[in-house]
Protein chains: 2
Amino acid sequence: MASSNVQRLARAAENSAEKSAEPADTKSRILDAAEELFMEHGFEATSLRLITTAAAVNLAAVNYHFGSKEELFQAVLTRRLDPMNRDRMQLLSSYEAAAGGKPLTCEKILAAMFIPAMKLARDHEQGGKNFLRLLGRAYADPAPFIREFLSNQYSEMIARFRTAFSNALPHVPREELSWRLHYVMGALSYTLAGADVLKVFGQYHLDEATNDELLLRRLAPFLAAGLRAPIPAEDDGYLQFQEA
Amino acid sequence: MASSNVQRLARAAENSAEKSAEPADTKSRILDAAEELFMEHGFEATSLRLITTAAAVNLAAVNYHFGSKEELFQAVLTRRLDPMNRDRMQLLSSYEAAAGGKPLTCEKILAAMFIPAMKLARDHEQGGKNFLRLLGRAYADPAPFIREFLSNQYSEMIARFRTAFSNALPHVPREELSWRLHYVMGALSYTLAGADVLKVFGQYHLDEATNDELLLRRLAPFLAAGLRAPIPAEDDGYLQFQEA
DNA sequence: GCTCATTTCAAACGATTGTTTGAAATTTGC
DNA sequence: GCAAATTTCAAACAATCGTTTGAAATGAGC
């Protein structure tokens, strides 16, 4: 029969998975394939036919289970972004409770942001790493539906950490702190998005071997020092425009 | 005749340009329209028909003048990236010459990176700002031809600044410095890429009013403090994995 | 073992994509 | 003002896109 051929393909795709733990569930298989392919080629450049072929499911399965390509993309993000941000806020709360009213250090707050991200990266062996790179790319995607989605997904967590940093850095004005948090998110997302940019710096000898703890153990001191930096005076002229 | 209709459309598009300084040159008109639309929708989501309609030129003009859509994209980038990186290196050289052998401060080196970028943003009134946002997005684009192009375009400039930072920060190990430069590029590109992420932080009152000097006068001290941060000890345990 | 709801399937839908073509229009060199 | 090269044009190219369709296959409840 014609269908047995497709079923063989499906089982072959299943067995070729890293840990042979790939679920037979169609929905999950689509999510896994979409996560990897969206990460690799971006949203627009990834066709549904590419995804459904990689997942060894029928083309129409995406529209049946998710409704549309955009909703599939949101499902890919929310599957792991939602628990991660929940973990971040829980971890921050537990740190605050342990500190007993005293403000946390910047390093501690940054740890509450980073640890859930790293836990995600190691939990699902290949999936986690892919997801963080996908997330870093979604930050820079111009598509309105992506920007809206991320904004909604992050607003609660960001507000929570903003006040934590505000307590940790009472000498930093509110507006200045907003900018610095912006820089923190930029550096973090760049680092999580993968080693692509490192090639620009000629640092290919670090790539896969460097584990995530080490990676962020470097990032946290860098960012903490920046967050604590003295506020620049109004008349600091070192950045004035001048021709060479 | 049929062609006079199209010519009227072309002149209308010319006159509707901001400063009415839009050149009649087909090639430049395509570049300007492409720059804005690529910035707005990304590379894959921007069709050639959208570009040629906005530029009021024939569809086939892109392939005639640039060869392909990919080559058009590279031309959009190189038109402004090339002079900017040349300016950066010249400015750094002039700073080094003025210092007379003594190593520069981090702030001074960062200024050599930022000032040409800001000059670009203000020179071409609307085009410059668009371009920096486009550039910030290109950094995160997964397309191989974009990554290769950027890598080639940046390698010389990055190598130049790497040794400058290395002289300015003799106590920072080479590998650590590579990572910190990575973070610097991340924060910088995020900031240049525009205020999209700021909405996440609820900082919509800054957006257009804040000029570029102010923006980067905040960023440079933040990054300089991070670059100078003490090297974390091996046994620093504050970022250890632990469950809430 | 029948029934009904859920899921999967091959096939086709209309629309849009980047690119090519060859003739018309325009500009350039003399 | 003619001839040759450059540029613009409308039209069509084959390919791919996301989505829809209605029938076949599979599952659960009784």
Side-chain angles (χ1 to χ4, degrees), chain A residues 1-14 22-31 33-34 37-38 40-76 141 143-146, chain B residues 1-14 22-31 33-34 37-38 40-76 141 143-146:
Chain A
M1 310 167 184
S3 65
S4 69
N5 195 15
V6 177
Q7 282 180 355
R8 260 191 285 111
L9 282 173
R11 301 201 184 279
E14 244 178 86
E22 185 133 351
D25 178 37
T26 299
K27 224 167 157 179
S28 299
R29 211 152 47 181
I30 292 175
L31 284 173
L37 290 170
F38 280 146
E40 198 172 353
H41 306 113
F43 175 74
E44 296 283 349
T46 304
S47 72
L48 290 183
R49 285 170 177 82
L50 202 63
I51 294 172
T52 53
T53 300
V57 302
N58 188 272
L59 169 64
V62 168
N63 292 79
Y64 176 78
H65 284 286
F66 298 95
S68 67
K69 187 187 178 186
E70 291 194 358
E71 289 172 282
L72 168 62
F73 188 78
Q74 292 177 353
V76 167
D141 201 296
F145 87 94
I146 295 181
Chain B
M1 310 165 185
S3 65
S4 69
N5 195 15
V6 178
Q7 284 181 355
R8 258 191 288 111
L9 282 173
R11 301 201 182 277
E14 244 178 85
E22 186 133 354
D25 178 37
T26 299
K27 225 166 156 178
S28 300
R29 212 153 48 184
I30 292 175
L31 283 174
L37 291 169
F38 280 147
E40 199 171 352
H41 306 112
F43 175 73
E44 295 283 350
T46 304
S47 71
L48 289 183
R49 284 168 178 82
L50 201 63
I51 294 172
T52 54
T53 300
V57 302
N58 187 271
L59 169 63
V62 168
N63 293 79
Y64 176 78
H65 285 286
F66 298 95
S68 69
K69 187 186 179 187
E70 292 194 357
E71 288 172 282
L72 168 61
F73 188 78
Q74 292 177 352
V76 167
D141 201 296
F145 86 95
I146 296 181

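Chain naming here is simple, since letters A, B, ... match the order of the sequence lines and numbering starts at 1 in each. Values reported hereafter were calculated over all heavy atoms of this structure, with side chains retained and with hydrogens, waters and symmetry mates removed. Owing to the predicted nature of the structure, the values given are computational and were not obtained by experimental measurement.
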Review point. If you round to the nearest 0.5 Å, how far is CD1 of B:Ile30 from CG of B:Asp25?
Key: 9.0 Å

Practice item. Check for a donor-acceptor pair, side chain of B:Thr52 on one end and backbone N or O of B:Arg49 on the other, with a separation under 3.5 Å. Key: yes

Check your understanding: In whole angstroms, how far is the P atom of C:dC9 from the CD1 atom of A:Ile30?
Key -> 10 Å

Exercise for review: Measure from CD1 on A:Ile51 to P on D:dG18 and round the result to the nearest Å.
Suggested key: 8 Å

Check your understanding: B:Thr26 and B:Ala61: which non-hydrogen atoms are nearest, and at how many Å?
Key -> CG2-CB, 4.2 Å

Practice item. Could you go through the side chain to side chain contact (heavy atoms under 4.5 Å, CB included) check for A:Leu50 and A:His41 one step at a time? Key: CA-CA 11 Å; A:Leu50 202 63; A:His41 306 113; 4.0 Å; yes

**Study point:** Nucleotide C:dC9, atom P - distance to OH of A:Tyr64 in whole Å
**Key:** 12 Å

Review point. Phosphate oxygens OP1/OP2 of D:dC17: is one of them under 4.0 Å from a side-chain N or O of A:Ser47?
Key: yes

Exercise for review: May I have the distance from A:Asn63 (atom CG) to D:dC17 (atom P), rounded to whole angstrom?
Suggested key: 14 Å

Study note, to complete from the structure: Taking every heavy atom of A:Asn58 against every heavy atom of A:Ala60, the minimum-distance pair comes out as OD1-N, 2.9 Å

Check your understanding: Is any side-chain nitrogen or oxygen of A:Asn58 closer than 4.0 Å to OP1 or OP2 of C:dA10?
Key -> yes

Point to revise | Minimal non-hydrogen separation, B:Val76 against B:Ala34, with atom names | key: CG2-CB, 3.8 Å

Review point. Nearest-Å distance, CG (A:Asp25) to C1' (C:dT8)?
Key: 13 Å

Listing time: all N or O pairs from protein to nucleotides 12-14 of chain D that are below 3.5 Å?
none

Review point. Has the side chain of A:Lys69 got a donor or acceptor atom that lies under 3.5 Å from a matching backbone atom of A:Thr46?
Key: yes

Review point. Under the side chain to side chain contact (heavy atoms under 4.5 Å, CB included) criterion, do B:Ile51 and B:Val57 qualify, and how do the steps go?
Key: CA-CA 9 Å; B:Ile51 294 172; B:Val57 302; over 6 Å; no

Exercise for review: Tell me, with the steps shown, if B:Phe73 and B:Phe66 meet side chain to side chain contact (heavy atoms under 4.5 Å, CB included).
Suggested key: CA-CA 9 Å; B:Phe73 188 78; B:Phe66 298 95; over 6 Å; no

Study note, to complete from the structure: Residues in residues 66-76 of chain A with a heavy atom under 4.0 Å of DNA chain D, by number, are A:Ser68, A:Lys69

Practice item. Output yes when at least one side-chain N/O atom of A:Thr26 is less than 4.0 Å from OP1 or OP2 of C:dT8, else no. Key: yes

Review point. Is NZ or CZ of B:Lys27 both nearer than 6.0 Å to the six-membered ring centre of B:Tyr64 and within 45° of the ring axis?
Key: no

Exercise for review: Using a cut-off of strictly less than 4.0 Å, decide whether B:His65 has a side-chain nitrogen or oxygen near OP1 or OP2 of D:dT6.
Suggested key: no

Exercise for review: Look at all strands and tell whether A:Thr46 reaches a base, only sugar-phosphate, or nothing, counting heavy atoms closer than 4.0 Å.
Suggested key: sugar-phosphate

Review point. Tell me, what's DNA chain D's dot-bracket, Watson-Crick or G-U with both distances under 3.5 Å, | for other-strand, [ ] crossing?
Key: .|.||||||||||||||||||||.|||||.

Check your understanding: If you look at every heavy atom in B:Ser68 and B:Asn63, which pair is closest and at what distance?
Key -> CA-ND2, 4.2 Å

Practice item. Please state whether the rings of B:Phe43 and B:Phe38 are parallel, tilted or perpendicular, taking 30° and 60° as the class boundaries. Key: tilted

Review point. B:Leu48 has an atom CG; how far is it from atom C1' of D:dT16, in whole Å?
Key: 15 Å

Point to revise | Among C:dT21, C:dT8, D:dT8, the nucleotide that comes nearest once only the side chain of B:Ala60 is considered | key: C:dT21

Point to revise | Distance, rounded to the nearest Å, where A:Glu44 contributes CD and C:dT17 contributes P | key: 10 Å

